[in-house]
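Beneath this line is the structure, given in structure tokens, with notes to follow.
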Amino acid sequence: MQGKFITFEGIDGCGKSTQLALTSKLLAEKGFDVVVTREPGGTLISEKIREILLSPDNSEMVNECEILLYCAARAQHVREKIIPEVASGKIVLCDRFQEATFGYQGYGRGIPLDVLKTVNTYATGGLNPDLTFIFDLSVETSAVRMAKINKAKDRLEQNSAEFFQKIRDGFLNMAKSSPERIKLINAEQSIEQISEEVINLIQKHIK
Ligand code: TMP
């Protein structure tokens, strides 16, 4: 069986992590060999970088540092984990990847996309996901869901509603410009409906 690299994206509270866990379970039940991972993170070094990126103590971090750290974590993750696992025939499900950089640092922070694409391609060595899901949710619903979770906000989550609106618009643009790879999912549906849509799209892709 040929390995696959599938990524899950969306603004905070969109339900992507729940869907990733469900997808992993359903694929494993169908006999697929599945690996679950996340960004920033997924390896020892990348998880250490994650702590720096998300700590609210690092509020003075400049955009240039932020971009390079996300991409540094990705460079390690791609080479140490994603490429070897896909090469050995696994289905790698990753919670966030390059579209998060284009969304958060590009559309959100306003860093030019051509700069981000250059740095990102250097980090990934040109690896692209086979399939990407963007779980689309209004910023209002996202805020309500995040308030219900009631956990302390990390450095990124402390941004304004306008920041998240720009990211959502960015994600919608990305889905429109790469419809073959990037699938837009309405994240306001029930967990079961979303899960069915995701698994059907993966099965269609694998065939
Ligand atoms: P999460 O694990 O809760 O999704 O947290 C990761 C945070 O990092 C989230 O706020 C999105 C942000 N992020 C970026 O800003 N750029 C990136 O490239 C990635 C992977 C995540």
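Just the heavy atoms: all of them, side chains too, but no hydrogens, waters or symmetry mates, feed the values below. Both ligands and their constituent atoms are indexed starting at 1 by order of listing.
Aromatic pair Y104/Y70: centroids not less than 6.0 angstrom apart.
With R109, K153, R96 as candidates, the residue nearest to atom 6 (C) of ligand 1 on a non-hydrogen basis is R96. Counting heavy atoms only, R50 comes closest to atom 5 (O) of ligand 1 of the residues R50, K16, E157. For atom 8 (O) of ligand 1, the candidate residues are Y70, F97, F164, Y104; the nearest heavy-atom contact is made by Y70.
Remark: the R74 side chain and the T101 side chain contain an N/O donor-acceptor pair separated by less than 3.5 Å.
Ion pairing of K25 with E29 is present here, as a side-chain N (NZ or NE/NH1/NH2) and a carboxylate O approach within less than 4.0 Å. A salt bridge links R96 with D12: at least one charged nitrogen is closer than 4.0 Å to a carboxylate oxygen.
Residue-level proximity to ligand 1 for L156 is carried by the side chain, the only part with a heavy atom below 4.0 angstrom. Only the side chain of D12 comes within 4.0 Å of ligand 1, counting heavy atoms alone; its backbone N, CA, C and O stay farther away.
Ligand 1 has an N or O atom lying under 3.5 Å from an N or O atom of T101, backbone or side chain.
Counting atoms of ligand 1 from 1 in the listed order, those under 4.0 Å from a heavy atom of R74 are 18 (O), 20 (C). Listed by number with element, the atoms of ligand 1 under 4.0 angstrom from any heavy atom of A100 are 16 (N), 17 (C), 18 (O), 19 (C), 20 (C), 21 (C). Within ligand 1, the atoms closer than 4.0 Å to a non-hydrogen atom of Q105 are 14 (C), 15 (O), 16 (N), 17 (C), 18 (O), numbered from 1 in the order shown.
Heavy-atom neighbours of E196 CD from other residues, nucleotides or ligands within 6.0 Å: at or below the threshold of 12.
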Problem set entry | Criterion salt bridge (charged side-chain N to carboxylate O under 4.0 Å, His left out) on K183 and E197, from CA distance to verdict | CA-CA 10 Å; K183 307 294 180 193; E197 201 177 331; over 6 Å; no
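Protein heavy atom at the shortest distance from atom 7 (C) of ligand 1 is L54 CD2, 3.7 Å.
Q203 pairs with exactly one of N200, L201, I206 by the side chain to side chain contact (heavy atoms under 4.5 Å, CB included) rule, that one being N200. For the pairing with H77, the side-chain hydrogen bond (donor to acceptor under 3.5 Å, both in side chains) check across R38, E39, E47 returns one residue only, E39.
Every heavy atom of D95 sits 4.0 Å or more from the atoms of ligand 1.
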